[in-house]
Novice: 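Below you will find the structure I want to go over with you.
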Amino acid sequence: MRHLLDTESLSRDHAIAILDTAQEMSAVGEREVKKLPALRGRTVVNLFFEDSTRTRISFEAAAKRLSADVINFSAKGSSVSKGESLKDTAQTLEAMSADAVVIRHWASGAPARLANSGWIDAAVINAGDGTHAHPTQALLDAFTMRAHWAGLAGTPSVGGDLAGMRVIIAGDVLHSRVARSNVWLLRTLGARVTLVAPPTLLPVGVEHWPCEVSYDLDAALEKGVDAVMMLRVQAERMNASFFPSTREYARRWGFDDARLARLDALALKDTIVMHPGPMNRGLEISSAAADSPRSTVLDQVRNGVSVRMAALYLLLSGDLKSTPAPAPSAALPLVKDLP
Ligand code: CP
């Protein structure tokens with residue numbers, strides 16, 4: 001595997017290798033000196049054609065913690081506004097010796113185009129493309145669930161997956177690359193996923209996805225759930241009216257105070273509430289839920305750095321080239337070799 005473009009094509013072995021390596025990387029974040037020499041002399045380019053806070057900053061932090069040189073490119077304020085193409089932009093950056101290009105783009109398929117075009121030699125990591133995929137978000141979500149699941153009894157186990165875990169993904173599925181990437185990865189890791197959304201916010205063909213679909217959040221919660229992942233209402237991608245009002249949306253599909261209390265009433269004491277961010281507080285999630293002890297929102301951000309360190313390290317070291325992926329022990333000398 002040379003690139004990380006989506007989770008649909010990510011094998012279970014490769015997914016587990018990334019999660020296990022991220023587990024090792026997270027230990028680095030606990031140290032006083034949070035740096036590894038693993039990618040010294042390598043260059044990572046962050047190529048962002050769409051806005052981002054968490055993904056862009058955490059890829060930068062991840063690359064720097066691995067001692068790589070980092071070039072941050074934002075389309076805003078660049079020669080893209082003068083009409084420069086993706087090909088010319090990417091080749092310009094590769095002329096500056098990029099080893100990895102982390103790309104976020106408004107167009108679904110742009111990272112695959114970059115990876116498969118022959119325009120550049122660098123490894124390509126998809127940091128979110130249109131409504132298509134956001135693989136590192138799904139990996140950090142899985143890492144967070146796995147840490148919680150295994151962490152109930154202690155430290156997450158290396159090699160563990162999410163077998164049998166019940167996950168609800170609720171909200172604006174239609175516009176969500178996070179939902180798509182999570183559905184595929186969670187299926188690969190053995191979890192059972194239920195999508196909940198108004199009919200207008202479900203994509204055509206969702207019945208062929210490897211998950212259940214419901215329009216009723218309360219009914220889905222009543223069946224029992226280990227993780228509830230709320231999706232952002234992506235108003236900026238909406239060119240029509242998809243629900244009657246924000247008040248109606250919050251009442252029927254938002255994770256509000258009443259639904260937070262319902263988890264207690266259902267004795268679901270270990271159920272976590274997730275959100276990839278940025279959040280529309282009061283719409284898809286209430287402040288009480290976002291700030292509750294069940295919320296993993298900030299854990300997800302923290303875990304994003306470890307997961308992105310793992311993805312960068314494994315792609316640039318070539319450890320994901322072999323199939324199946326190396327056993328976790330083969331991926332770990334990096335950490336063990338550290339001073
Ligand atoms: N979750 C996520 O992708 O957030 P950003 O848009 O801030 O990167």
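Just follow the structure's listing: the first ligand is 1, and inside any ligand the first atom is 1.
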Novice: Salt bridge or not for E8 and R180, using N-O below 4.0 Å?
Specialist: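 Between R180 and E8 there is no salt bridge, as every charged N stays at least 4.0 Å from the carboxylate O atoms.
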Novice: Excluding sequence neighbours, so at least two apart, what forms side-chain hydrogen bond (donor to acceptor under 3.5 Å, both in side chains) with E236?
Specialist: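 Here the qualifying residues are R232.
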Novice: Looking at residues at least two apart in the chain, or sitting in another chain, which of them share a salt bridge (Lys or Arg N to Asp or Glu O under 4.0 Å) with R252?
Specialist: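 Once residues adjacent in sequence are excluded, R252 has no partner under the salt bridge (Lys or Arg N to Asp or Glu O under 4.0 Å) criterion.
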Novice: Is R177 salt-bridged to E50, going by a charged N under 4.0 Å from an acidic O?
Specialist: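 Looking at E50 together with R177, the answer is yes, because their closest N to O distance falls below 4.0 Å.
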Novice: Taking 4.0 angstrom as the limit, do D256 and R251 come out as a salt bridge?
Specialist: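 No.
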Novice: Report the residues that fulfil side-chain hydrogen bond (donor to acceptor under 3.5 Å, both in side chains) with R42, sequence neighbours left out, ordered by chain and then residue number.
Specialist: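 Applying side-chain hydrogen bond (donor to acceptor under 3.5 Å, both in side chains) to R42 gives none.
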Novice: Enumerate the pairs of nitrogen or oxygen atoms, one from ligand 1 and one from the protein, separated by less than 3.5 angstrom; state names and distance to 0.1 Å.
Specialist:
unit_1, atom_1, unit_2, atom_2, d
ligand 1, 1 (N), Q137, OE1, 3.0
ligand 1, 1 (N), P276, O, 2.9
ligand 1, 1 (N), G277, O, 3.1
ligand 1, 3 (O), T55, OG1, 3.0
ligand 1, 3 (O), R104, NH2, 3.0
ligand 1, 3 (O), H134, NE2, 2.9
ligand 1, 4 (O), R54, NE, 3.1
ligand 1, 6 (O), R104, NH1, 2.9
ligand 1, 7 (O), T53, N, 2.8
ligand 1, 7 (O), R54, N, 3.0
ligand 1, 7 (O), R54, NE, 3.1
ligand 1, 7 (O), R54, NH2, 3.1
ligand 1, 8 (O), S52, OG, 2.6
ligand 1, 8 (O), T55, N, 2.9
ligand 1, 8 (O), T55, OG1, 2.6
ligand 1, 8 (O), R104, NH2, 3.4

